[in-house]
Amino acid sequence: MTDTTLDHAHDDSHGHGSIAQQADNWKTAFWLYLASEVVIFSVLIAMFVLYRLEFPARIKEVHEAAGVLLVAINTFLLLTSSWAMVMGLHQMRKGDRAGLIRWFSIMCALGALFVGLQYVEYQTLANEGITLYSDSFGMRFYAPTAFHGFHVIVGVLWGLLVINHARKGGYSAERTIGIEVFGLYWHFVDVVWIVLFTVIYLI
Amino acid sequence: MAQVHEHAPAAFTDKAIPGTEKEAVDAAAPHNHDVTVIMGRTLPFPVYTVVFGILAAITIVEVIISELPEGTIGNILLIVLSLIKAVLVVAFYMHLREESPLYTAILVVPVVLVVIATLFLTSVPLGNY
Amino acid sequence: MTVKPSLNSGTPAGGQSLSIIWIVAAALGIIFGGLLIGTLSPSLFPEQASLEAEQVDGLFQFMLVIGGAIFLLVIGVLVFSMVRFRARINDRSDGIPLHGNSTLELIWTLVPAVIVLVVTIYSYQVWISIRTVQPINHDVQAIGARYAWTFNYDITPETLPAGITIDQITEEPIRVALNSESGLDFNSGQLHTWAGEQVEMSMRPEDVNHAFWIPAMRIKQDLLVGRTTSITFTPTDPGTYRIVCAELCGSGHGNMAGTIGYDGELQGAWLVVHPDEETYLREFYEPQVMSVLFPPPDPALRGRATLASAKYPCATCHILDDLGWAGAIGPNLNNVGNNAARRASGTPAEVYLETSIRHPGDYLVPGYGNLMPQFNDETSEPNYMPEEDLTNIIAYLLTQKQ
Amino acid sequence: MATISRPMPGAIPAPKRLRISDYLRWSVDHKVIGVQYMALAFFGFIVGGALAMMIRWELLTPALDVMPDGQAYNQLFTMHGSIMIFVWIIPMFAGFGNYLVPLMLGAKDMAFPWLNAFAFWLLPPAVLLMLLGYFAGQSEAGWTSYPPLSTLYSMDGQTLWALSLHLAGISSILGAINFIVTIKNMRPEGMGYFQMPLFVWAILATSIIIVLATPFLAGALTLLILDRVAGTAFFDPSRGGDVLVWQNVFWFYSHPAVYIMVLPGFGILSEVLSVHARKPIFGYRAIALSSMAIALLGFTVWAHHMFTSLTPALRIPFMITSMIIAVPTGIKIFSWLGTLWGGKIHFRASMLFALGFLSMFVIGGITGVMLASVPVDIHLHDTYFVVSHFHFVLYGGSVFAIYAGLYHWWPKITGRMLDERLGRLHFVLTYLGFFFTFFPQHLVGMQGMPRRVSVYAPEFQGWNTVISLAAFVLGISTFVLLYAMAQSLIAGKRAGANPWRALTLEWATTSPPPPSNFVGDPIPYKDPYGYGTESAFRYLEEVDRRFGIGEPSEGKINTPAPAPAAGD
Ligand code: HEA
Ligand code: HEA
Ligand code: CUA
Ligand SMILES: [Cu+2]
């Protein structure tokens, strides 16, 4: 081939074709998406941090009123569902589609339970008089947690879609990118919760 | 994973040598083990389960610390522990450990950015000047 | 423009004529001219009337010279290349295959770096110097409200005019207030001080953010809701200088500045620099203090004094010849004494006016929107207006008939 | 000599042009999407420009005479600024990127064609929301939207404005992700990162900024919307909020955003200058890497917009970082001058605008450095000096670059040439109109005229009249472009594949390119800027032979050029 060759002799596109290529496209894209999610979440979390540093006494008050039990359970739910998620992927990589569906059902159930318990927690706090606009604690607490809760809801729905797709015979031991991308999302939501749990409830 | 080509790269490219589809599948192989070798001992679970165990343990420790009387040491410990948790999830569950370092960069850069930004926000005084 | 048609300028790959060069060169010539005039014009900045101004101007001049030189360099190389390296007609060859030159690239990385370093250091020095607060200074408070400035001066037992003692004050509440911790104060729509003395002013906004700017002093500071900010400057030349609001604050943002009336008198916010402290006291401070200590008995006169003091920002929006107001946003008040009685049938003029101040939205003069702020009688609320002021103002307004 | 990989029966015919209706539909072809972006952006430019004309009409005299009240004026410049930034510059560059990046990489499409279309179709609703604000009481707090003016004191249009920016932001994040993946994974064989055209580098740097910075805006807007509709008080100090938080978070985004608005312009400039000066770009690596340096440094300077509101002690660090930005930008400017030096400069319209950019952007950059100096900025902040600065970088920079790009790639996009004579007229009118609109603004600003005012002190009337009249000339100059575009579409000369004899890959296919861009897998010429070498010459001849040349074929085209002395 010399400098002046304009194209390859045979018709063959690059970029779109292979599974590995597509997998890499999706993963890169999704990591980039998560990068921007990091920023959005951190704006909301920063609002809480500002308050936490300014009014530590008020935080203590709320902690005492709310207790840590409920959120500790919630943390476990989310951690377990993360584990279930990755076990599902593990099964699929071994070619076990039924295993994937099994684990993912657990994952979705746990995620849904998490949302339910968060609702209970919100109710408890509302009974304490803490609402979105009640005082400057409320808004700084609800904004990040509700935004996270919203992500959990989206995750559960997405998980159901994955299950549905698997039921119809989607995915194979080699072609798991759809699950992996969803996994990135779900684990990211988990990581955010790890941060929220520490920053808002523990410290 | 670099891109896929049937052709050898031309001499002047400085890209990573492209892998093939076959390799891509092989690369996923480590996931298929149902045992974990840790410090020379072989555990009968996949690595994910081991990680889950650690995560659960850390969480319990965290909850206990938070129930102890408040203190700076406790808070620092909590932050460190939760960082460990986050790193475990990212490294093992999100497979960052075995993916291209580019993904690590994609994650680390915004994290550093927002940490700096948040620290800055906390340094803006609320008082008069 | 002379484009010779014979050159077939539509030809994609064709060469270019000289004429286009001349056009561009001429355009550049004009621009140069403009730049030169701009640079040489003696009045780039408004008058230089403070210590800060001298330093800031020096710094600016320094940067202008450097910036101008960089600009000339870039333009010079550009124009030279355009003339020297233009493609001739039908020349289809390429330029030299030159890909770079490390030395050159190093130079044009390092030289700008050094330049900005120098500029930064110089700027830092000026900054430190204009931030220095003198131990003794003239202390004033400013309030920015949509859309007027109010300046607040303290009266203490020590600053009473010569020959006046506390015992001479007949009205009990005034005497008590003067001795109390909160003290007495008065307001003015203008900022008065004297040459050579540093002014330190703390500022707070009433409603939204504003920015306090005196171009002649080269100083500016935002007023931030929820904070009190301060500003210092040292006027050097006696005179009057426009005060400007430099942060968007709503529809009247542009009006929140010093203006000049039809007959040349100053309206709105101005900085008045007296030649010396004595003149300041004699011409501004003491007369104001006297009218606070010995208020006129007539409520209408008191009301007039209150309004004239710019304690309330009415002047921005209303026209009232008696006080020289020229605002164009709200209703004209010249005949308010008559109008107030007529506007709402069955409502007495006093009640009408009271409602119009406490709840401006209740009665709207046809053709005007509900733009006026509400003046409340609770200290905790924004735009606090004590009952006493209200009564006096109404009494005064009722005298305004044409 | 040249080996041809397939039998060469002659020029490959260009595909049929698409109809207008094809552009109004959902399409996943990056070329269609690119044109959709550009058309929408141009619409935004006209609207924003018309608003600017009203601004200048109002400012002809010191009094309030055109607008009914100050509020209406505030709405004017708020909409003008927001539309120009979020509907004109950013989508326009997204359009260029969409059209050109896959072509320059020799790819058939973007990595995610569907996502690409989706990102575009988020924009029309965003524009609609912004314009709908007109009926709900427009936003009037400026494009910077500082609370509490934008929260407690503004009408519902402000909420629509925030929603609109939210959508636009999501759209540009999705677009940017797509660009990064495309650039990372879809380069052709033989094109490493350092063989990419510089425009692709610029889009890469821009996309990185978008992914990292735009979410800050999304976060801030979320809080603003909550404050406005849900009764929270993030920005209301009387209830525990802080107004400076908005300013900080907004500028976390918006300073990087100004580089979003100029880096693709830098990329366009690198292409245009090199092609029309017939010379390799000078210092390729320095230009490519300085884009990255600017992207990085751009995240460290935000508070230079807050020199009069931030705590004094925090101001100085931002002065230092802002000054440093001059260095990587200077590297670019000087490298471009180096590119011109020793070239064979053809003064086509796109080159004129590129040279116009060089001369005007430098002014804007230098005034930027002046503003970065804290003591000077304290005087000049929120004056017309700042307005002048950012129009020099945004109009003299971004818009001139867009014009340069438009004249440069129009033949590729439409297959038709633009009339060069009209192009020159457009340039001269724009250049002069631009300079006399925005240069005097420095002077009135320094003299003491604040920005965002509908009434001003009478002593500024003289310059303001000049400014307004020049602005009208500038407005009219846009019609020359519109006319030239219409004329070209109706009766333009056919362009051929490579009218400028450029080496980047987008020219090695027909104009406009076929739906899958290339026939087969194209091989890029080894150096996208390798002008002046014999092999480049042969490559270009080969392209001409393969894809045909444009009208008019005046014989000239085929005269053999003197082979360059220097071999490669
Ligand atoms: C495309 C958009 C763009 C670009 C590229 C820039 C570039 C720069 N800007 Fe600008 N800026 C804006 C858009 C932009 N700006 C906007 C929209 C606003 C107003 C926002 C609002 O309030 O509404 C603004 C406002 C603004 C301010 C705030 C002013 C105020 O409100 O008080 C400041 C202050 O530091 C500033 C600085 C700079 C600097 C230092 C650069 C630098 O990047 C410039 C670097 C370039 C050069 C310096 C020229 C080339 C270099 C050389 C030839 C080398 C040699 C030079 C030297 C050694 C000096 N800008
Ligand atoms: C890329 C961005 C961009 C562009 C291209 C422009 C272009 C122009 N701008 Fe822009 N401007 C901003 C971004 C931009 N502006 C921003 C961000 C602000 C700050 C807003 C704020 O404070 O919040 C601002 C503010 C601003 C002000 C300050 C307002 C104030 O503070 O009170 C002024 C005043 O002169 C002004 C004037 C102009 C003019 C005359 C043009 C001209 O160049 C426009 C020329 C183009 C056209 C005219 C288009 C063609 C129009 C037609 C074909 C329609 C036919 C109409 C007629 C001829 C009547 N602009
Ligand atoms: Cu007050 Cu603008
Ligand atoms: Cu900036």
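Lettering follows sequence order; numbering is per chain, from 1. These figures come from a predicted structure and were not determined experimentally.
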Colleague: Between Glu247(C) and chain D, with a heavy-atom cut-off of 4.5 Å, which part of the residue counts as in contact: side chain, backbone, both or neither?
Modeller: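 When you check distances to chain D, atoms from both the backbone and side chain of Glu247(C) fall under 4.5 Å.
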Colleague: Does any donor atom in the side chain of Tyr431(D) or Ser359(D) lie under 3.5 Å from an acceptor atom in the other side chain?
Modeller: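 Side-chain D/A pair, Tyr431(D) to Ser359(D): present.
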Colleague: Select one option (side chain, backbone, both, neither) describing which atoms of Thr259(C) are under 4.5 Å from chain D's heavy atoms.
Modeller: neither
Colleague: Taking NZ, NE, NH1 and NH2 as the nitrogens, is one of them in Glu105(C) or Arg285(D) under 4.0 Å from a carboxylate oxygen of the other?
Modeller: no
Colleague: Would you mind writing out the side-chain donor-acceptor pairs for residues 209-216 of chain C within the sub-3.5 Å range, not counting sequence neighbours?
Modeller:
residue: Asn209(C); atom: OD1; partner: Val225(C); partner atom: N; Å: 3.1
residue: His210(C); atom: NE2; partner: Asp207(C); partner atom: OD1; Å: 3.0
residue: His210(C); atom: NE2; partner: Val208(C); partner atom: O; Å: 3.4
residue: Trp213(C); atom: NE1; partner: His379(D); partner atom: ND1; Å: 3.3

Colleague: In terms of heavy-atom proximity below 4.5 Å to chain D, should Thr229(C) be classed as side chain, backbone, both, or neither?
Modeller: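 Neither part.
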Colleague: Sort out for me which of Ile260(C), Leu224(C), Val126(C), Val244(C) touches chain D most, counting heavy-atom pairs under 4.5 Å.
Modeller: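 Answer, by heavy-atom pair count under 4.5 Å with chain D: Leu224(C).
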Colleague: Please flag which part of Arg84(C) lies under 4.5 Å from any non-hydrogen atom of chain D: side chain, backbone, both or neither.
Modeller: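 When you check distances to chain D, no heavy atom of Arg84(C) falls under 4.5 Å.
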Colleague: Which atom pairs, donor and acceptor, lie under 3.5 Å between side-chain atoms of residues 96-104 of chain C and protein residues at least two apart or in another chain?
Modeller:
residue: Asn101(C); atom: OD1; partner: Thr103(C); partner atom: N; Å: 3.0
residue: Asn101(C); atom: OD1; partner: Thr103(C); partner atom: OG1; Å: 3.4
residue: Asn101(C); atom: OD1; partner: Leu104(C); partner atom: N; Å: 3.1

Colleague: Please classify the contact between Val74(C) and chain D as side chain, backbone, both or neither, with a heavy-atom cut-off of under 4.5 Å.
Modeller: both
Colleague: How are the rings of Phe439(D) and Phe435(D) set to each other: parallel, tilted or perpendicular (split at 30° and 60°)?
Modeller: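 Answer is parallel, since the angle falls under 30°.
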Colleague: Phe80(C) versus chain D, heavy atoms under 4.5 Å apart: side chain, backbone, both or neither?
Modeller: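 Just its side chain gets close to chain D.
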Colleague: Quick check for you: among Ser251(C), Ala53(C), Gly254(C), Gly258(C), which has the greatest number of heavy-atom pairs under 4.5 Å with chain D?
Modeller: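 Winner by heavy-atom pair count: Ser251(C).
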Colleague: Please state whether the rings of Trp108(C) and Phe282(D) are parallel, tilted or perpendicular, taking 30° and 60° as the class boundaries.
Modeller: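 Correct class here is tilted.
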Colleague: Select one option (side chain, backbone, both, neither) describing which atoms of Gln221(C) are under 4.5 Å from chain D's heavy atoms.
Modeller: both
